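Within every chain, numbering begins at 1; the chains are lettered A, B, ... in the order of the sequence lines, protein sequences first and strands thereafter. The structure displayed is predicted, hence computed values, not measured ones.
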Protein chains: 2
Amino acid sequence: MNLPHTEPGPPAEPRRARGRPRKTADERDDGNRRQLLLQTAARLFRQQGFAATSTRDIAAAAGMQPGSPFYHFENKEALLASVMLEGMQRALATQAQALATQPADATPEQRLRRLVQAHFAVLLGPDSDFIPVMLYEWRSLSDTQRGDVIRLRTAYEATWVPVLQALQAAGRLRGDLHLVRLMIFGALNWSAQWYDPQRVAQGGATLDDLTDTAMDLFLQADAAP
Amino acid sequence: MNLPHTEPGPPAEPRRARGRPRKTADERDDGNRRQLLLQTAARLFRQQGFAATSTRDIAAAAGMQPGSPFYHFENKEALLASVMLEGMQRALATQAQALATQPADATPEQRLRRLVQAHFAVLLGPDSDFIPVMLYEWRSLSDTQRGDVIRLRTAYEATWVPVLQALQAAGRLRGDLHLVRLMIFGALNWSAQWYDPQRVAQGGATLDDLTDTAMDLFLQADAAP
DNA sequence: CCTACCGATCGGTAGG
DNA sequence: CCTACCGATCGGTAGG
């Protein structure tokens, strides 16, 4: 699920067996630190919002000094953009895997179910702060950085189109397809505002419950008995 | 649509015909200024977010000096809470009117259509910055102020329950009703993220188009021919 | 509601 | 990645 991220650091050099063993540890540390900053920023951005989260907050939560985030990221906006790109890369990977592990003769309904499941997993499952940040901190991104995120997001959404078209052709889905797609995404994405994974232990809805409800709500009942 | 708002100012005294005519103008101005601040704050909070909008921004956009908003509102959070309360009061008024102007023998489907129409009107229609702020700046509210907003919001959502129950009883709606309601609200509320009223002039979808699509998407086709 | 102001915090940087 | 720091901005207030 952790896609390799483009690293701005120096390329991995072949390491000599002797001299400066510390350097090796530092190199590995750099990746860890950057990843730690990303996770911490995603969590705080989600909880408090981008503008209300200071780079000092993030540094402290990651156990660093106030200036240290700027060693890994050019500025606060670049950190936000990286969180979003990381989120979209994970979402695309999860989506691709969900479809790849499915039989070739899967029905459109089965394919939709897989897409919905993957969507909820990325949105509400473990380590799921990245996508909510992308969904709800959109306006804090600069125009330049927004373009990169949009490209991945367009690809993610395009996967749904043929599935929805097939369902409509089969009479299982009604309404203007463009608007229908936007409303389906709304129904799914809004769950990030109210769903609490903690409550599953106390009888709350599971992600599969959500998927069942979504399918029931969106799809016309199968006419064939 | 503009519900009377509880005014902290002095009660309207009977005015003498002579002496201090300025006082009268000031009193009327007070209400206007407060309302102007509310509208301006709603617009900027929606465009930039609560944390990214300074009280100076709001004052300047309303043609006031940096300290002036604090004459009308105790602090920045109280201004946000007032925007949300104003939004919810308008939403409740619109909802009540939509149902009141409907024949008593309206079908559950017709009642749902009215609720959806009213919802889109408040969310996307003219002067519609208040509700999006309430939906998307939730976490910026203090616990105390959140309670007041929640009460109005609960009332607004409760209106939908009997309508949805009737539709489910009639076989027009499938799925767990609690989750279904949350997903329907999600599909509707998400439109604040992508719908652009400006584009209607260029062939974009109208609010009625959105309502039609929502009904098509959520409701099972009527079995009776 | 304006003027003038304060303490606190913020993003970011130099220099190591 | 830390230390020490800077200029800018912010929410809020006194006093009229």
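- For the pair B/Q65 and C/dC1, the criterion of a side-chain N or O lying under 4.0 Å from OP1 or OP2 is not met.
- Checked against the 6.0 Å centroid threshold, A/W160 and A/F185 count as a close aromatic pair.
- Ranking C/dC2, D/dC1, D/dG12 by closeness to the B/M64 side chain, first place goes to C/dC2.
- In this entry D/dC1 has C/dG16 as its Watson-Crick or G-U wobble partner, both defining distances falling under 3.5 Å.
- For B/T55, taking side-chain heavy atoms from C-beta onward, the closest of the listed nucleotides D/dG11, C/dG11, D/dC1 is D/dG11.
- A donor-acceptor contact shorter than 3.5 Å is absent between the side chain of B/D212 and the backbone of B/D209.
- Checked against the 6.0 Å centroid criterion, the rings of A/W190 and A/Y136 do not qualify as a close aromatic pair.
- Rounded to an integer number of Å, the gap from B/R56 CZ to D/dT9 C1' is 7 Å.
- For the atom pair B/I58 CD1 and B/M64 CE, the distance stands at 10.5 Å (nearest 0.5 Å).
- As rounded to whole Å, 14 Å separates atom P of D/dG11 from atom CG of B/L37.
- The distance from atom CG of B/L207 to atom CG of B/L123, rounded to the nearest 0.5 Å, is 9.0 Å.
- For C/dG11, the paired nucleotide is D/dC6, the pair qualifying as Watson-Crick or G-U wobble because both relevant distances are below 3.5 Å.
- Relative to the side chain of B/K76, the nucleotides C/dC2, D/dG11, C/dG12 differ in distance, and D/dG11 lies closest.
- If you measure from atom CG of A/L80 to atom C1' of C/dG11, you get 15 Å, rounded to the nearest angstrom.
- Residue A/S54 places no side-chain N or O under 4.0 Å from the OP1 or OP2 atom of C/dT9.
- For B/L79 and D/dC10, the CG to P distance is 15 Å, given to the nearest whole Å.
- The interatomic distance linking A/Y71 (OH) with C/dG16 (P) rounds to 17 Å, in whole Å.
- Remark: P of C/dA14 and CZ of A/F70 are 13 Å apart, rounded to the nearest angstrom.
- Rounded to whole angstrom, the span from the CG atom of A/N75 across to the P atom of C/dC10 amounts to 17 Å.
- Between the CD atom of A/E77 and the C1' atom of C/dG12 there is a distance of 13 Å, rounded to whole Å.
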